[in-house]
Amino acid sequence: MSASDTSCIFCNIVAGRIPSRKVYEDEDILAFHDIHPWAPVHFLMVPKQHLASLAHVGDEHAALLGRMLALAPRLALQEGCRPYPQGGHRVVINTGDEGGQEVHHLHIHVIGGPRPWLKG
Ligand code: AMP
Ligand code: ZN
């Protein structure tokens, strides 16, 4: 596992080599709109460090993952999801081929807004 992988699409987004519509950024985390949204709100949160999947997360990443999860509802509100409980949002982490993971850089999907959605 490396800090940045030039063949990884999300590492290239983090590095600014591939453009994205940014939702949030800090030292460790980037959030940007999904290019094929399933719902009125659909953005991805990624660690800036290349981590291939949730299956690669160890105790040393617990604080980072905790911060990402804590941030998700705040960014969902910022992006237009209505508040809990009538509003809310879905958080999805596809992991591995059978888990439906297509991009092998850990990412959290945050999905919400008025239904119907294209998926889910
Ligand atoms: P997953 O199936 O969980 O690996 O989801 C990967 C997601 O990344 C999909 O929802 C794609 O639409 C999204 N995606 C792929 N390339 C880009 C990109 N360049 N910018 C934003 N989202 C992307
Ligand atoms: Zn990467």
Side-chain angles (χ1 to χ4, degrees):
M1 184 191 318
S2 58
S4 177
D5 176 347
T6 51
S7 68
C8 167
I9 188 162
F10 289 171
C11 283
N12 279 305
I13 286 177
V14 167
R17 289 188 289 265
I18 292 177
S20 68
R21 287 174 53 222
K22 203 176 292 182
V23 166
Y24 172 86
E25 181 169 21
D26 67 27
E27 201 181 323
D28 304 310
I29 299 165
L30 179 69
F32 51 94
H33 291 278
D34 196 291
I35 206 165
H36 293 127
W38 309 350
V41 175
H42 186 174
F43 61 88
L44 305 173
M45 303 176 70
V46 304
K48 287 190 170 178
Q49 171 193 15
H50 182 81
L51 254 174
S53 80
L54 192 62
H56 295 73
V57 165
D59 288 345
E60 67 276 25
H61 304 112
L64 172 65
L65 268 286
R67 285 193 50 231
M68 291 175 76
L69 278 181
L71 198 52
R74 283 168 38 199
L75 297 183
L77 288 175
Q78 175 190 300
E79 293 308 307
C81 290
R82 295 192 303 138
Y84 176 94
Q86 290 84 7
H89 58 277
R90 180 172 292 175
V91 166
V92 173
I93 307 178
N94 296 325
T95 306
D97 291 346
E98 291 181 351
Q101 184 178 8
E102 290 178 358
V103 176
H104 290 263
H105 179 131
L106 173 64
H107 51 282
I108 299 178
H109 292 259
V110 182
I111 303 157
R115 288 176 178 270
W117 297 351
L118 286 179
K119 291 194 215 174

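In this text, all values refer to a predicted model and were calculated from it rather than measured experimentally. Ligands are counted one by one from 1 in listed order, and the atoms in each one are counted from 1 as well.
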Part of Ile13 within contact of ligand 1 (heavy atoms, under 4.0 Å): side chain
Per-atom contacts of ligand 1 with His109, taking only distances under 4.0 Å to non-hydrogen atoms: 1 (P), 3 (O), 5 (O), 7 (C), 10 (O)
Connected via hydrophobic side-chain network under 4.5 Å: Leu77 and Val41: no
Polar side-chain atom of Glu102 near backbone of Asn94 as donor-acceptor pair, under 3.5 Å: no
Contact with ligand 1 for His107, non-hydrogen, under 4.0 angstrom: yes
Close side-chain approach of Met45 and Val110, heavy atoms under 4.5 Å: yes
Protein contact to atom 4 (O) of ligand 1 [nearest heavy atom, distance to 0.1 Å]: Glu102 N, 2.7 Å
Backbone or side-chain N or O of Gln101 under 3.5 Å from ligand 1 N or O: no
Arg67 (side chain) donor-acceptor with Ile29 (main chain) under 3.5 angstrom: no
Under 3.5 Å: N/O of Phe32 near N/O of ligand 1: no
Glu79 (side chain) donor-acceptor with His33 (main chain) under 3.5 angstrom: no
Step-by-step salt bridge (charged side-chain N to carboxylate O under 4.0 Å, His left out) determination, Lys48 to Glu25: CA-CA 9 Å; Lys48 287 190 170 178; Glu25 181 169 21; 2.7 Å; yes
For Phe10, atoms of ligand 1 separated by under 4.0 Å from a heavy atom: 8 (O)
Parallel, tilted or perpendicular: rings of His105 and His50 (30°, 60°): perpendicular
Any N/O pair Ile18/ligand 1 closer than 3.5 Å: no
Selected option - heavy-atom contact closest to atom 9 (C) of ligand 1, from Asp34, Ile108, Ile35: Asp34
Proximal heteroatom of His50 relative to the Zn ion (ligand 2) (N/O/S): ND1
Atom of His105 nearest the Zn ion (ligand 2) (restricted to N/O/S, atom name only): ND1
Shortest protein contact, atom 2 (O) of ligand 1 (heavy atom only): Gly100 O, 2.9 Å
Heavy-atom side-chain proximity of Arg17 to Thr6 below 4.5 angstrom: yes
Val92 reachable from Val46 in the ILVMFWY side-chain graph, under 4.5 Å edges: no
Angular separation of SG (Cys11) and SG (Cys8) seen from the Zn ion (ligand 2), to 10°: 120°
Which residue and heavy atom of the protein sit nearest atom 16 (N) of ligand 1, plus the separation: Ile9 CD1, 3.7 Å
Ring centroid separation Trp117 to His42 under 6.0 Å: no
Any Val92 heavy atom less than 4.0 Å to ligand 1: no
Ligand 1 atoms in contact with His36 (distance to a heavy atom under 4.0 Å): 12 (O)
Note, His56 side chain near Leu106 side chain (heavy atom, < 4.5 Å): no
Sub-4.0 Å heavy-atom approach of His33 to ligand 1: yes
Atoms of ligand 1, numbered as shown, that sit under 4.0 Å from any heavy atom of Asn94: 1 (P), 2 (O), 3 (O)
